[in-house]
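Inspection log for the structure reproduced underneath, given as structure tokens.
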4 protein chains.
Amino acid sequence: MTRRLTARGQRRRQELVEFAADQFASKGYHPTSVADIVDGLGVGKGVFYWYFESKEELFRQILAEAQRDLRRVQRHAIADEPDPVRRIEAGIGASVEWLDRNRRLFVLLEFARTEERFAPLIRMGEEQAVADALPHVKAGIDAGLIRREDPLVLTQAILGVTGHLARVLVLEEGRPAAEAARAAAAFCLEGVLSPASARRRLAREAD
Amino acid sequence: MTRRLTARGQRRRQELVEFAADQFASKGYHPTSVADIVDGLGVGKGVFYWYFESKEELFRQILAEAQRDLRRVQRHAIADEPDPVRRIEAGIGASVEWLDRNRRLFVLLEFARTEERFAPLIRMGEEQAVADALPHVKAGIDAGLIRREDPLVLTQAILGVTGHLARVLVLEEGRPAAEAARAAAAFCLEGVLSPASARRRLAREAD
Amino acid sequence: MTRRLTARGQRRRQELVEFAADQFASKGYHPTSVADIVDGLGVGKGVFYWYFESKEELFRQILAEAQRDLRRVQRHAIADEPDPVRRIEAGIGASVEWLDRNRRLFVLLEFARTEERFAPLIRMGEEQAVADALPHVKAGIDAGLIRREDPLVLTQAILGVTGHLARVLVLEEGRPAAEAARAAAAFCLEGVLSPASARRRLAREAD
Amino acid sequence: MTRRLTARGQRRRQELVEFAADQFASKGYHPTSVADIVDGLGVGKGVFYWYFESKEELFRQILAEAQRDLRRVQRHAIADEPDPVRRIEAGIGASVEWLDRNRRLFVLLEFARTEERFAPLIRMGEEQAVADALPHVKAGIDAGLIRREDPLVLTQAILGVTGHLARVLVLEEGRPAAEAARAAAAFCLEGVLSPASARRRLAREAD
DNA sequence: TATGAATGAGCATTCATTCAT
DNA sequence: GATGAATGAATGCTCATTCAT
């Protein structure tokens, strides 16, 4: 495969990717047939197989592109920010925004995790995401800004909060991405304790 | 349906539920056929349709039982605990432990969210989970132990951290559930900031 | 596969084998679709895949059964015949008769030789046939009845004449099998030379 | 069709014929797609349909050319040979050699026989081959060199031995064509009987 | 209760052929 | 002459479900 495509071919391919992602996201990967996709675009079945080796390969490409794109956006968001904590906040913001603007892909990434064939792709992508975020957490620890705890665990927790709040607040409840990002960042930085309670706890730990 | 079953029938049914859940979790719901299930148990196809109206109905029952069971465990864990923050910690611990002991079901719940037909079930279950946890967060706020923020957001954030750390640390990295639970609880209570940084922030906010 | 079949199942399977062999032989293996077969029998498509793993597997089974049957017939024909030359004649006769009664299978064996996937099966069967006939040729040589030449070549030549005359005389021209068998045997034993010519040749060789 | 081709066109066409024959012979006619052929040559699909009306027509042309070529070679081999028996031997030799040098085509001829659409072509070619050889056999009979038997049967038997030994000895076992030709000729002339046995048989028949 | 057999719509994929450029 | 793109009927196969026993 990996055909050399003309401009027209590029456009067709993109149409297919986009329409398929929509269908996969709304009906599920399995319940969406290749026929659904080509019929939806009003083209013959051969078109699909001209551009993709199989339904599965198309799905993998959608996943890979999604992960690539999210990563690109995150990197861009935190560039030129000297404070590591601010970098983390910026990353959270970029992620929530991306998930908001690419709801379809969010669902697909979650589905992919549930099937043996695709799970490795997702895990690799997630490891990449952790590897991307880890240095900033470590820098925060070194700068005395972040608690001296396993940075990997902290990073994962941040990713967990961000993903979950994005889904629930933005996708399900329809709140603005910025609000969810703010809430996620605040939670990640300070947790749930009240200032008084936190102070008491800090004092206790100082003993 | 809802047949009256003999003791032997009960056992058969349970075998089917368990084996199907295993297969669904490892291969995916769609890639697992009814034939896979009955062949795996060495029984005829009629057996399946004696106990379940359809593959879909079986799956719904698995999901419902899973949600019921998780809820039961959480309730039990936090009973008799007067401190609301401690109740939250106990709930996190119980959840992580349950997810550890029921990995299959965890995956199934995540898959179910990705398909129109099953998503409502999951959303209902999650709303229930939030509704269960919410009072404790509110109690914490009222007692001045927890920050005066939208309790629904805080609750969701807690669920997000808990689920994600359980998956990553326990299921994927194989760490003990207790450790993941401790990490999740700590993160939820205090966030990532170092004591010094937190103090500074608190001081700033006090202005 | 290799399902345990009830009597009814056995009958169904046989119907499929027979009808498919007919179709394969008259239209060709590839031009015969599974749909042709099941439609021809007025059954659903699932029936086919209940009894056979694939179209290819069915074809292999037809080939294997054909070779097994031909071999059985040949063995039976030459049993209890003390003279090796007579045994060869009997074998030729049995082969021609079988090919006459199983024209379909004859064509299928020939087709199978032309496709990489099936050729090994045919070659194995043919080696078996040679191995079966060889001892008789050797015995003929040892008894001074047959020329002292490479017995393998002689055996192959006999098989070649037999197969070809069976096809041309019996299948294509419709002559009786017995006649073709007689012609084949005569040719194999004496060749084409006239008595006078043969005598001269023998004399010359004796020098 | 029958396009007037430039020199370059002639070469292109020949490339297609040759490559297709190779693929048909090794993978089979049906399993070889037009795409396989044009991709294998690195040209577009239009090229194929510029030179051939269809895949089937291409195959027919390959078959026709093969038969024409074999016939040409045989005729050439037996020219200027006054002895009819020697002519037959020469024909056998030429055939085996041709089959050796054109293995691909041998397989294709055999396949063609197994499919309704192509079988008539093959049968016509074979009848031609018989018609070509028949006069020599008849001449042998008239000259008292060959047994007074149905010359058609004798001719067919010769063709059968030749084809089979060429396939088995030369194509499958890799022996030299000349050796197979010698064996085939010897078998055709004298059969399998030993001189002594033949003499006895001749004596008996003289009664 | 349970089984083997059967159904048939549906699926992913192939492929000979055509077409616009 | 040649290419990439498109067509769409047809193919081998799957599978949830039903049925006769």
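Each chain gets a letter, A, B and so on, in the order its sequence line appears, and its residues count up from 1.
- Atom CZ in A:Arg4 sits roughly 11 Å away from atom P in F:dA5 (whole-Å rounding).
- Phosphate proximity of E:dT1 to B:Thr6: present, with a side-chain N or O under 4.0 Å from OP1 or OP2.
- Following rounding to the nearest Å, D:Leu41 (CG) and F:dG4 (P) show an atom-to-atom distance of 14 Å.
- A heavy atom lying under 4.0 Å from DNA chain E marks the following residues of residues 11-34 of chain D, by number: D:Thr32, D:Ser33, D:Val34.
- Residues meeting the side-chain hydrogen bond (donor to acceptor under 3.5 Å, both in side chains) test with A:Arg72, sequence neighbours left out: A:Asp69.
- For the pair B:Ala21 and B:Leu105, the tightest heavy-atom approach, listed with the atom from each and the gap, is CB-CD2, 4.5 Å.
- In this structure D:Glu110 satisfies the salt bridge (Lys or Arg N to Asp or Glu O under 4.0 Å) test together with C:Arg113, D:Arg167, sequence neighbours excluded.
- Here the C1' atom of nucleotide F:dA5 and the CZ atom of A:Phe52 are 14 Å apart, to the nearest Å.
- At whole-Å resolution of the value, CD in D:Gln10 and C1' in F:dG1 are 15 Å apart.
- Legend: residues meeting ring-ring contact (aromatic ring centres under 6.0 Å, His included) with C:Phe48, ordered by chain and number and at least two apart, are C:Phe52.
- For D:Glu65, the salt bridge (Lys or Arg N to Asp or Glu O under 4.0 Å) test picks out D:Arg13, with sequence neighbours left out.
- Atom pair C:Tyr51:OH and F:dC13:P shows a separation of 18 Å (rounding to whole Å applied).
- Among residues two or more places apart in sequence or in another chain, the salt bridge (Lys or Arg N to Asp or Glu O under 4.0 Å) test is passed with B:Glu116 by none.
- Partners of B:Arg68 under the salt bridge (Lys or Arg N to Asp or Glu O under 4.0 Å) rule, at least two apart in sequence or in another chain, do not exist in this structure.
- Counting non-hydrogen atoms under 4.0 angstrom, D:Gly9 reaches the backbone sugars and phosphates but no base.
- When the side-chain nitrogen and oxygen atoms of A:Trp50 are compared with OP1 and OP2 of F:dA6, none of them lie within a distance under 4.0 Å.
- Remark: P of F:dA16 and OH of C:Tyr49 are 17 Å apart, rounded to the nearest angstrom.
- Under the side-chain hydrogen bond (donor to acceptor under 3.5 Å, both in side chains) criterion, C:Arg117 pairs with C:Glu56, C:Glu115, sequence neighbours left out.
- Among the duplex regions that DNA chain E forms, those built from at least three successive Watson-Crick or G-U pairs under 3.5 Å are E:2-21 with F:2-21, ordered by first number.
- Note: CG (B:Asp39) to P (E:dA2) measures 16 Å, nearest angstrom.
- Residue whose closest nucleotide on DNA chain E sits further toward the 5' end, between C:Val47 and A:Asp36: C:Val47.
- Residue pairs satisfying the salt bridge (charged side-chain N to carboxylate O under 4.0 Å, His left out) criterion with at least one member in residues 22-32 of chain D, sequence neighbours excluded, are listed as follows: D:Asp22-D:Arg104, D:Lys27-D:Asp36.
- If you find the closest nucleotide of DNA chain E to A:Lys55 and to C:Leu5, the one lying nearer the 5' end belongs to C:Leu5.
- In this structure B:Phe118 satisfies the ring-ring contact (aromatic ring centres under 6.0 Å, His included) test together with B:Tyr29, B:Phe59, sequence neighbours excluded.
- If you take CD of A:Glu56 and C1' of E:dC11, they are 15 Å apart, rounded to a whole angstrom.
- Inspection of the D:Glu57 and D:Gln61 side chains reveals an N or O donor paired with an N or O acceptor under 3.5 Å.
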Please list, for nucleotides 19-21 of chain E, all pairs of protein and nucleotide N/O atoms separated by less than 3.5 Å.
none

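- Within the 4.5 Å cutoff, no side-chain heavy atoms of B:Leu58 are placed close to those of B:Leu16.
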